Protein chains: 2
Amino acid sequence: MGLRMTRERELIVAEVDSFDGHFEPDELLDRMRRKNIRVSRASIYRTLPLLVECGAIKEAVYKDRKTRYERLIGRDHHDHMVCTECGGVIEFVSDEIERLQEAVCKRHGFGIAGHTLEIRGVCRDCSEGKTGASSAGRGNTNSDARS
Amino acid sequence: MGLRMTRERELIVAEVDSFDGHFEPDELLDRMRRKNIRVSRASIYRTLPLLVECGAIKEAVYKDRKTRYERLIGRDHHDHMVCTECGGVIEFVSDEIERLQEAVCKRHGFGIAGHTLEIRGVCRDCSEGKTGASSAGRGNTNSDARS
DNA sequence: GTATTATTGCGACAGAGTCTCAGTTGCCAT
DNA sequence: ATGGCAACTGAGACTCTGTCGCAATAATAC
């Protein structure tokens with residue numbers, strides 16, 4: 001019944017730690033392949049949910065029906081603004097919003113395990129017509145100042 | 001270049017209107033099949049994004065990589081609490097949270113097009129050990145009082 | 001009524017993720 | 001230290017949601 005720490009899992013965890021932003025399972029696999037670290041796709045797909053369960057990573061930024069993860073350990077909680085033009089992701093935090101969520105849940109007797117707040121729209125660069133941002137910024141994560 | 005109002009699209013729109021909560025494309029298809037309304041799967045998959053674009057429905061509650069939609073017309077905006085035990089969905093609204101989101105986006109020069117706030121956790125019934133809720137409530141939508 | 005061209009339906013396809021199963025290995029008890 | 005067993009791995013087949021290409025059809029403009 002207990003989990004085991006295998007060589008493969010160590011390797012996966014180490015690789016996950018090397019990502020700063022978001023990553024997809026197959027992206028992780030490719031990266032390991034390129035480093036000649038051989039772990040099967042199935043093992044990666046089996047291990048990531050375990051890491052979610054123990055709070056090391058979480059699912060984030062749902063788009064085009066791929067599961068995307070991001071590391072939690074060593075990073076602060078934040079939410080996302082996703083630009084529909086360039087695909088860029090701005091991270092932000094609002095302690096007030098967090099507090100309000102807790103209040104609403106309390107009113108409903110709902111025990112919070114986690115949440116995902118994703119705001120879609122157009123980022124400053126794209127709305128100012130800097131079309132260059134459209135290619136340069138694709139998929140980028142702009143780590144951002146707190147609340 | 002212009003869109004056409006076809007018989008198939010009318011049928012799809014009519015069926016979408018008959019859903020009160022969330023629905024999945026294939027669920028819509030099954031329902032139509034059972035009523036002997038013959039529309040191809042491809043047409044449904046092609047039509048739903050059009051309805052999103054014209055604001056009649058929106059994508060909602062991403063889970064297990066299926067696209068789920070919900071009707072917008074005739075319904076107020078709301079966010080979701082999803083129970084990880086029974087799969088039930090509680091809808092809620094908080095005008096304050098909405099306001100704060102706008103404020104945060106304004107600070108970043110980000111033009112809001114829409115947002116998704118999904119809180120995961122355990123609903124009152126499940127946390128009180130009413131395991132019956134686990135089967136009875138699966139997938140249900142509890143429409144709920146405002147803020 | 002005819003021309004134009006968006007739309008349909010079908011079946012093939014694509015891609016993310018899951019499952020099966022035989023072989024391997026971490027871990028606990030002895 | 002070693003034997004046993006359940007957890008884990010890898011490979012590939014499989015599932016399922018969603019997309020595409022193409023010939024036939026039908027909505028709209030003229």
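Everything numeric here is computed off the predicted structure, so don't read it as measured data. The sequence lines fix the lettering, A, B, ..., with proteins before strands; numbering per chain opens at 1.
- Taking only side-chain atoms of A:R65, from C-beta outward, the nucleotide of D:dT9, D:dT19, C:dG17 with the closest atom is D:dT19.
- Nucleotide D:dG10 holds its C1' atom 10 Å from the CZ atom of A:R33, rounded to whole Å.
- Contact annotation: the side chain of A:T116 approaches that of B:R120 to within less than 4.5 Å [non-hydrogen atoms, C-beta and beyond].
- Of the side-chain N and O atoms in A:T67, none sit less than 4.0 angstrom from OP1 or OP2 of C:dA16.
- Contact between the side-chain N/O atoms of B:Y45 and the OP1/OP2 oxygens of D:dG18 is found at a separation under 4.0 Å.
- Checking D:dT17, D:dT28, C:dG9 against the side-chain heavy atoms of B:E8 singles out C:dG9 as nearest.
- None of A:R33, A:R71, A:R31 except one satisfies the salt bridge (Lys or Arg N to Asp or Glu O under 4.0 Å) rule with A:E15; the exception is A:R31.
- For B:S43 and C:dT7, the shortest distance from a side-chain N or O to OP1 or OP2 is not below 4.0 Å.
- Following rounding to the nearest Å, B:I44 (CD1) and C:dT7 (P) show an atom-to-atom distance of 16 Å.
- What separates CD of B:E27 from P of D:dC16 is a distance of 16 Å, to the nearest Å.
- For A:S40 and D:dT9, the shortest distance from a side-chain N or O to OP1 or OP2 is not below 4.0 Å.
- You'll find that the side chain of B:L3 is closest to C:dT7, out of C:dT7, C:dT8, D:dT9.
- When distances run from any side-chain atom of A:R46 to the nucleotides D:dA11, D:dC8, C:dT4, the shortest one goes to D:dA11.
- The OG atom of A:S18 lies 9.0 Å from the CE atom of A:M32; values are rounded to the nearest 0.5 Å.
- Within 4.0 Å of B:R38, counting heavy atoms only, lie sugar-phosphate atoms of the nucleic acid but no base atom.
- D:dC16 atom P lies 13 Å from atom CG of B:D30, rounded to whole Å.
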Next on the checklist: If you apply the rule side chain to side chain contact (heavy atoms under 4.5 Å, CB included), what do you find for B:E8 with B:T6, and how did you get there?
Outcome noted: CA-CA 5 Å; B:E8 287 80 2; B:T6 63; 3.7 Å; yes
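- The interatomic distance linking B:R68 (CZ) with D:dC16 (C1') rounds to 13 Å, in whole Å.
- Where B:E24 and B:R7 each meet DNA chain D at their nearest nucleotide, the meeting point lying more 5' is that of B:E24.
- Atom CG in B:D26 sits roughly 13 Å away from atom C1' in D:dT19 (whole-Å rounding).
- Other residues, nucleotides and ligands place no more than 12 heavy atoms under 6.0 Å from the NZ atom of B:K106.
- At a threshold of 4.0 angstrom between heavy atoms, the contacts of A:R41 include nucleobase atoms, whether or not backbone atoms are also involved.
- A straight line from NZ of B:K66 to C1' of C:dT18 spans 14 Å, rounded to a whole angstrom.
- Relative to the side chain of A:A42, the nucleotides C:dC19, D:dT19, C:dT18 differ in distance, and C:dC19 lies closest.
- Put simply, the side chain of A:R75 reaches to within 4.5 Å of the side chain of A:E91, judged on heavy atoms.
- Whole-Å rounding puts the A:Y69 OH to C:dA16 C1' distance at 11 Å.
- Residue order along DNA chain C, read from the 5' end via each residue's closest nucleotide, puts B:T47 first among A:R4 and B:T47.
- Distances were taken from every side-chain heavy atom of A:T6 (C-beta onward) to each of D:dG18, D:dT9, C:dG17; the shortest belongs to D:dT9.
- Residue whose closest nucleotide on DNA chain D sits further toward the 5' end, between B:P49 and A:I12: A:I12.
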